[in-house]
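A short write-up of the structure that comes next.
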Amino acid sequence: MYPKEIEKYLLKVQKPGRYVGGEPHSVVKEKKDVEVRFAFCFPDIYEIGMSHLGIKILYGAFNQVPYFWCERVFAPWIDMEQHMTENHIPLYALESGDPVKDFDFIGFTLQYELSYTNILNMLKLSGIPLRSADRPELFHIVVAGGPCACNPEPLADFFDLFFLGDGEEVDPEVMELYRQCKKEGTGKQEFLRRAAQIEGVYVPSLYDVEYNGDGTVRRYTAKEGAPATVRKRVVNNMDTAYFPESFPVPLIDVVHDRVSVEVLRGCIRGCRFCQAGFLYRPFREKSIETIDRQCQALCASSGYDEISLSSLSTSDYSCLLELLDHLHRWTEKEKVSLSLPSLRVDNFSPELMARVNSVRKSGLTFAPEAGSQRMRDVINKNVTQEELMRTVNTAFSEGWTRIKLYFMIGLPTETMEDVEAIVELGNQVVDVFFQNKEKPRGKAVEVSLSAAAFVPKPFTPFQWFGQDTMEVLHEKQQALKTAHRSKRVSVSYHGAQTSFLEAVFARGDRRLCSVLEKATEFGLRFDGWDDCFDFERWMEAFQACGLDPAFYANRVRDFEEVFPWDHLDYGIRKDFLLEECRRAYAAQTTPNCREICSGCGASCYKGGICVDKRKDLV
């Protein structure tokens with residue numbers, strides 16, 4: 001529970017329920033029985049962190065070991081942070097109320113580049129030195145995992161180690177090693193040397209980096225026995241992988257207030273902009289029986305009456321209709337609704353939606369990503385104009401009247417005609433509604449177009465491309481606004497400045513650590529929130545450190561360039577990504593993994609769909 005000294009401030013802040021703990025199924029242990037304490041820090045507010053499935057999985061996995069105790073820590077919002085700072089109250093964990101500085105491990109999940117200042121601010125609020133070199137003892141081991149760990153270099157000076165890939169097995173292995181080192185009286189450096197030998201563990205202090213005269217990376221050199229290349233960890237069997245039967249149930253509303261059950265991991269599609277689609281390969285599914293068992297257990301323990309079948313692309317689950325029929329055997333009787341958060345244009349059907357009884361007829365969302373067919377081929381979306389029109393026509397026939405379509409602007413090879421095609425596509429959707437004789441009577445159609453700025457990411461075929469400058473992105477946003485005339489079509493777009501900063505840290509190197517430290521000195525945090533983001537102050541931080549952010553965000557990279565993440569192995573061959581990049585220039589598509597194996601490299605893990613398509617792996 002929360003420390004007593006915080007009690008007097010709870011009625012002075014927004015949503016005091018963020019800070020009190022005590023939720024059902026939160027894990028409290030006797031300290032005398034615990035040998036390793038892990039503070040799981042989510043670098044955003046409680047409502048966002050408590051909606052994240054990863055923290056629930058790892059929280060349960062750690063706490064099932066009797067002598068490990070994992071507790072949750074969230075970033076305090078501005079009002080609570082002010083009270084804590086003014087009254088010298090350190091950041092604390094929700095289960096015990098103990099300060100974070102009392103923990104062996106301080107672990108962060110890296111979900112989003114604009115959360116990096118929150119990470120440093122949380123360490124600062126905890127009274128823990130920011131830089132790893134300033135924490136010489138075998139204590140306060142600062143670790144991280146998650147998608148952004150695929151390029152951890154902008155954070156390398158602050159973290160002792162990073163977990164690459166799936167964390168269910170590798171994280172507890174490192175905690176067990178730490179436990180043994182504590183018993184032996186081993187120092188921190190020896191612990192890190194041993195940890196580096198565990199597959200999926202990257203210790204940045206064991207790698208020296210050299211730069212060329214033009215600022216690009218020359219090479220990374222491993223030392224003290226560390227492997228030259230660090231390979232990500234993969235859990236092949238999703239049926240036997242750990243998944244919790246209960247999790248702390250929040251006492252206040254959170255972003256995703258429902259049961260979330262992972263049905264598969266990975267993606268078959270190969271969209272060239274999508275980092276997650278490559279990072280989480282190979283594609284692995286759970287069985288219907290496992291999903292059913294986990295859904296029932298979580299509904300029984302949590303009391304929720306809605307289940308979200310979660311993945312990067314749930315509608316690609318190979319037996320989806322059969323799964324939904326299986327779940328309906330008990331969900332309809334128990335009045336539990338089902339939702340699919342990720343539907344694709346090319347496999348939407350009335351048969352599918354008839355089985356998903358929680359989708360309101362008022363709104364439906366799809367992501368064509370690009371307005372023109374040429375651009376959809378460039379990004380390998382593998383969705384045609386005919387499929388999209390057929391899908392929205394089906395949706396209107398089934399009673400939907402509101403369609404939201406997600407797009408990106410600033411994609412490689414994009415022209416102004418491609419941008420304007422986004423609005424034209426919205427107009428065509430409206431036309432389909434009025435041409436549909438089975439559309440709902442007495443209801444108007446609403447089509448919402450949302451355009452985000454493209455951000456080039458590591459381990460994608462677009463990692464070589466430069467992001468459009470902010471001036472060009474503003475021109476494209478203006479083109480969207482100018483082309484938009486229909487009252488039945490609305491257009492929105494996201495800020496170019498935050499996307500620019502995201503691109504800087506997505507493809508950045510170790511020199512950016514000084515920029516993050518300076519930004520933290522300037523008081524920057526919650527950069528993903530519009531009311532906190534201060535672009536001018538960020539530019540001052542770059543200037544103070546003598547670094548040009550455009551070098552990282554806007555520069556087109558040579559095919560021979562060494563990337564800051566080239567010594568990390570996510571199972572995707574760089575030459576495969578390069579070939580996909582060339583195919584993008586030619587607007588050539590690549591079939592999905594179910595149709596044919598394109599030899600991306602993920603077969604090295606000998607699991608999932610790779611085994612099905614590559615009989616030589618069996």
Side-chain angles (χ1 to χ4, degrees), residues 18 37-63 68 70-76 91 93-95 100 103-123 125-126 128 140-156 158-175 200-202 204 232-233 235 241-244 247-248 250 254-256 260 262 265 275-276 279-280 310-312 457-458 502 505-506 516 525-529 568 570:
R18 294 167 170 166
R37 299 187 70 182
F38 192 106
F40 199 129
C41 301
F42 195 95
D44 213 314
I45 60 172
Y46 178 92
E47 295 95 310
I48 295 177
M50 284 297 290
S51 301
H52 185 245
L53 181 57
I55 191 173
K56 297 173 183 176
I57 294 173
L58 294 178
Y59 179 87
F62 296 169
N63 281 322
F68 294 164
C70 178
E71 302 184 47
R72 295 161 298 136
V73 184
F74 301 96
L91 189 64
L94 290 183
E95 279 72 10
V100 171
F103 286 73
D104 299 288
F105 282 89
I106 298 94
F108 291 89
T109 178
L110 307 180
Q111 297 294 316
Y112 181 38
E113 290 84 357
L114 295 191
S115 71
Y116 290 176
T117 50
N118 274 12
I119 292 171
L120 298 194
N121 192 51
M122 290 174 77
L123 290 174
L125 291 173
S126 302
I128 295 172
H140 293 160
I141 306 299
V142 180
V143 303
C148 292
C150 73
N151 178 25
E153 292 304 287
L155 293 166
F158 310 115
F159 282 81
D160 295 302
L161 60 86
F162 294 91
F163 298 114
L164 310 185
D166 299 334
E168 292 97 326
E169 295 174 353
V170 63
D171 295 26
E173 283 182 23
V174 170
M175 293 167 68
V201 175
Y202 171 52
K232 79 169 181 180
R233 193 68 168 267
V235 175
Y242 175 82
F243 198 81
F247 55 79
V254 297
V255 176
H256 299 306
S260 184
E262 187 181 28
R265 194 168 294 181
Q275 186 182 54
L279 290 185
Y280 292 104
S310 176
S311 76
L312 292 176
K457 295 286 182 113
E502 184 182 345
F505 287 102
L516 282 171
R525 72 269 200 237
F526 288 108
D527 297 299
W529 296 73
L568 308 180
Y570 271 75

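These figures come from a predicted structure and were not determined experimentally.
Closest approach of Asp160 to Pro204, counting heavy atoms only: O-CD, 3.6 Å. The two residues Phe158 and Pro154 have their closest heavy-atom pair at CE1-O, 4.1 Å. When all heavy atoms of Gly146 and Thr109 are compared, the pair lying nearest together is CA-OG1, 4.4 Å. Shown here for Val254 and Glu47, the closest heavy-atom pair between the two residues is CB-O, 3.5 Å. Minimum interatomic distance between Pro152 and Leu568 (heavy atoms only, all atoms of both residues): CD-CD1, 3.5 Å. The minimum heavy-atom distance between Pro43 and Ala75, with the atom names listed, is C-CB, 4.2 Å.
Using a 4.5 Å heavy-atom cutoff, the side chains of Val142 and Phe105 are not in contact. Between Pro147 and Gln111 there is a side-chain heavy-atom pair separated by less than 4.5 Å. No side-chain heavy atom of Leu164 sits less than 4.5 Å from a side-chain heavy atom of Cys150. Looking at heavy atoms from C-beta onward, Ile141 lies out of side-chain contact with Ile106 at the 4.5 angstrom threshold. Between Leu94 and Val73 there is no side-chain heavy-atom pair separated by less than 4.5 Å. Looking at heavy atoms from C-beta onward, Leu91 lies out of side-chain contact with Cys41 at the 4.5 angstrom threshold. Looking only at side-chain heavy atoms (C-beta outward), Pro248 and Met50 come within less than 4.5 Å of each other. Counting heavy atoms from C-beta outward, Arg18 and Phe74 have side chains that stay 4.5 Å or more apart.
A side-chain donor-acceptor contact under 3.5 Å links Ser51 to the backbone of Val255.
For Phe68 and Phe62, the ring centers sit 6.0 Å or farther from each other.
Rounding to the nearest 0.5 Å places CZ of Phe505 at 8.5 Å from OG1 of Thr117. How far CZ of Phe247 is from CG of Asn63: 15.0 Å, rounded to the nearest 0.5 Å. A distance of 8.0 Å separates SG of Cys148 from CD of Glu502, quoted to the nearest 0.5 Å. To the nearest 0.5 angstrom, Asn118 atom CG is 12.5 Å from Tyr116 atom OH. The distance from atom CD1 of Ile119 to atom CG of Asp44, rounded to the nearest 0.5 Å, is 10.5 Å. In this structure, CZ on Phe38 lies 6.0 Å from CG on Asp171, to the nearest 0.5 angstrom.
Using a cutoff of 4.0 Å between basic side-chain nitrogens and carboxylate oxygens, Lys56 and Glu168 are not scored as salt-bridged. A salt bridge links Arg233 to Glu173: one of the charged nitrogens lies within less than 4.0 Å of a carboxylate oxygen. The pair Asp166-Lys232 fails the salt-bridge criterion, with no side-chain N (NZ, NE, NH1 or NH2) lying under 4.0 Å from an Asp/Glu carboxylate O.
Judged by the 6.0 Å distance and 45° axis criteria, Arg72 is positioned over the aromatic ring of Tyr59. With a 6.0 Å cutoff to the six-membered ring centre and a 45° limit on the axis angle, Arg37 counts as a cation-pi contact of Phe103.
Residue Phe162 forms a side-chain contact (heavy atoms from CB on, under 4.5 Å) with just one option from Leu110, Val143, Asn151, Val201, and that option is Leu110.
Between His52 and Phe42, the two ring planes are tilted [angle within 30° to 60°].
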Full working for side-chain contact (heavy atoms from CB on, under 4.5 Å) between Phe159 and Phe108: CA-CA 10 Å; Phe159 282 81; Phe108 291 89; 3.9 Å; yes
